[in-house]
A.B. asks: 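Starting off with a structure, shown below.
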Amino acid sequence: MENGLRKILIFSVLLALSFKTAPADANVLFGEKTNQFTLYGGYALGNTDLENYNFFTMAQYSQPMRLFRLDGRMNLHLGHVNSSSYPWTVAGGSADVVLLSYRNFWAGVGIGAFIRDRYTPRLDSSFTFGERAFVGHNINKRINVELFVQHFSNGDLTQNNLGYNFWGLAVGVNF
C-alpha cells in the first residue's frame with residue numbers, strides 16, 4: 001500500500017474513533033434540537049482557467065457530535081456542480097467542529113470523504129476529499145446561516161489534482 005494512502009487511512013480511523021455523540025442542548029450548532037438540514041449555494045473561487053463558471057449546490061443532513069470536547073456535527077451530503085463544460089455530482093460524509101463560539105456566532109472547520117460521478121480536467125478521480133471553513137450565526141432556535149469556503153481535491157492520489165474551490169451561503173433548519 002502506498003505510504004500516503006496508508007497515512008490517510010490511519011488518520012481517518014483515528015478521527016472516527018474520537019467522535020462522541022453529544023446532547024443537543026450542549027451544542028452551539030443545534031440549540032435544543034437533535035437534527036439539522038442545510039442547503040448550500042456557492043460559486044467558483046479561482047476555478048475558471050479550464051471552465052467558464054461553476055455553481056455549487058449541496059444538501060446536508062447533520063446530527064450533533066463532540067470531538068475532543070469541541071461542539072461539532074456529523075454530516076451526510078449530496079451536491080452538484082453546474083459547470084459550463086463539466087457538470088458533476090458529489091456524495092459523501094464529513095465532520096465539522098466549532099473552534100470558536102460567542103453567543104449565537106461560531107467559526108469552524110470540517111473535513112470529509114466524497115465520491116464524484118465524473119472526471120474533469122481539474123480532477124481526474126472519483127474519490128475526493130472535502131475541506132471546509134465556515135462562520136455562522138443562529139438567527140433563532142431553529143434557523144441558522146453560514147458563510148463558507150469549500151475545497152474539493154483528491155490529496156494528490158492521482159497526477160491531475162487542481163481541485164475545486166467554492167464560496168457561498170448556507171441556510172440551516174434545526175428540528
Side-chain angles (χ1 to χ4, degrees), residues 12 15-48 51-84 87-117 123 128-153 163-175:
S12 300
L15 187 63
L17 292 174
S18 65
F19 291 160
K20 178 182 175 187
T21 57
D25 62 348
N27 193 312
V28 67
L29 298 169
F30 290 83
E32 300 170 358
K33 307 298 183 183
T34 58
N35 298 284
Q36 186 178 81
F37 181 76
T38 307
L39 291 176
Y40 289 79
Y43 189 71
L45 183 64
N47 299 349
T48 57
E51 302 172 55
N52 293 330
Y53 65 85
N54 289 298
F55 293 104
F56 175 67
T57 56
M58 183 170 65
Q60 173 180 293
Y61 170 74
S62 307
Q63 290 187 341
M65 67 146 201
R66 286 209 167 292
L67 178 65
F68 301 114
R69 298 185 186 168
L70 296 173
D71 287 347
R73 62 186 168 206
M74 295 180 291
N75 311 304
L76 294 175
H77 307 271
L78 181 60
H80 182 73
V81 174
N82 185 14
S83 167
S84 61
W88 48 276
T89 301
V90 64
S94 70
D96 296 332
V97 292
V98 174
L99 302 175
L100 300 168
S101 65
Y102 178 73
R103 296 189 181 178
N104 291 327
F105 293 90
W106 64 84
V109 294
I111 189 168
F114 297 85
I115 299 294
R116 297 177 337 118
D117 71 340
L123 198 56
T128 62
F129 296 101
E131 299 87 25
R132 178 172 47 202
F134 53 90
V135 293
H137 173 64
N138 286 325
I139 294 175
N140 58 38
K141 291 182 179 185
R142 292 199 59 212
I143 308 293
N144 60 62
V145 294
E146 290 182 357
L147 294 172
F148 70 92
V149 175
Q150 176 80 47
H151 173 72
F152 290 103
S153 73
Y164 286 91
N165 301 301
F166 301 96
W167 66 275
L169 179 69
V171 177
V173 176
N174 298 327
F175 59 99

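Residue numbers run from 1 in the order of the sequence given. Just so it is clear, the model here is predicted, and its values are computed rather than measured.
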A.B. asks: Between the side chains of R132 and Y40, is a donor N or O closer than 3.5 angstrom to an acceptor N or O?
C.D. replies: yes

A.B. asks: Using ring pair (Phe, Tyr, Trp, His ring centres under 6.0 Å), reason through W88 and Y164 one step at a time and then give a plain yes or no.
C.D. replies: CA-CA 12 Å; W88 48 276; Y164 286 91; 5.0 Å; yes

A.B. asks: Is there side-chain contact between L29 and E146, with at least one heavy-atom pair below 4.5 Å?
C.D. replies: yes

A.B. asks: Donor-acceptor pair, N174 side chain versus I143 backbone, under 3.5 Å?
C.D. replies: no

A.B. asks: For F30 and S62, run side chain to side chain contact (heavy atoms under 4.5 Å, CB included): C-alpha distance rounded to whole Å, both residues' side-chain angles, the deciding distance at 0.1 Å, then the answer.
C.D. replies: CA-CA 9 Å; F30 290 83; S62 307; 4.0 Å; yes

A.B. asks: Nearest 0.5 Å, please: how far is CZ in F55 from OG in S83?
C.D. replies: 10.5 Å

A.B. asks: Side chains of V81 and V90, heavy atoms from C-beta outward: is any pair under 4.5 Å?
C.D. replies: no

A.B. asks: Between the main-chain N or O of V28 and the side-chain N or O of D71, is there a donor-acceptor pair closer than 3.5 Å?
C.D. replies: yes

A.B. asks: Taking only residues two or more places apart in sequence, or in another chain, which ones meet H137 in a ring pair (Phe, Tyr, Trp, His ring centres under 6.0 Å)?
C.D. replies: F105

A.B. asks: Nearest 0.5 Å please: distance from the OH atom of Y43 over to the CG atom of N165.
C.D. replies: 13.5 Å

A.B. asks: Please tell me whether F56 and F166 form a close aromatic pair, meaning their ring centres lie under 6.0 Å apart.
C.D. replies: yes

A.B. asks: If you count heavy atoms of other groups shown closer than 6.0 angstrom to CZ of F175, is the number above 12?
C.D. replies: yes

A.B. asks: I'd like to know whether N144 forms a side chain to side chain contact (heavy atoms under 4.5 Å, CB included) with I139, so could you lay out the CA-CA distance, the side-chain angles of the two residues, the decisive distance to 0.1 Å, and finally the verdict.
C.D. replies: CA-CA 5 Å; N144 60 62; I139 294 175; 6.0 Å; no

A.B. asks: State the CD-CG distance between Q63 and N35, to the nearest 0.5 angstrom.
C.D. replies: 5.5 Å

A.B. asks: Verify the ring-centre separation between F114 and F152: is it less than 6.0 angstrom?
C.D. replies: yes

A.B. asks: Using modelled atom types and a 3.5 Å cut-off, is there a donor and acceptor pairing between side-chain atoms of N27 and backbone atoms of G72?
C.D. replies: yes

A.B. asks: Does D96 form a side chain to side chain contact (heavy atoms under 4.5 Å, CB included) with F134? I'd like the steps, not just the answer.
C.D. replies: CA-CA 9 Å; D96 296 332; F134 53 90; 3.8 Å; yes

A.B. asks: Once rounded to the nearest 0.5 Å, what's the spacing between atom CD of Q150 and atom NE2 of H77?
C.D. replies: 7.0 Å

A.B. asks: Is a side-chain donor-acceptor pair under 3.5 Å present for H80 with T89?
C.D. replies: yes

A.B. asks: Heavy atoms only: give me the nearest H151-G163 pair and the separation to one decimal.
C.D. replies: CE1-CA, 4.4 Å

A.B. asks: For a quick check under 3.5 Å, do N75 and Y61 share a side-chain donor-acceptor pair by atom type?
C.D. replies: no

A.B. asks: So, Q36 and R73: side-chain donor and acceptor under 3.5 Å apart, yes or no?
C.D. replies: yes

A.B. asks: Assess whether side chain to side chain contact (heavy atoms under 4.5 Å, CB included) is satisfied between L169 and L147, documenting all intermediate values.
C.D. replies: CA-CA 5 Å; L169 179 69; L147 294 172; 3.8 Å; yes

A.B. asks: So, does N140 use its side chain to make a donor-acceptor pair with the main chain of R142 at under 3.5 Å?
C.D. replies: yes

A.B. asks: What distance do L76 atom CG and Q60 atom CD have between them, rounded to the nearest 0.5 Å?
C.D. replies: 8.5 Å

A.B. asks: Please report the shortest heavy-atom distance between T38 and G172, naming the atom on each side.
C.D. replies: OG1-CA, 3.7 Å

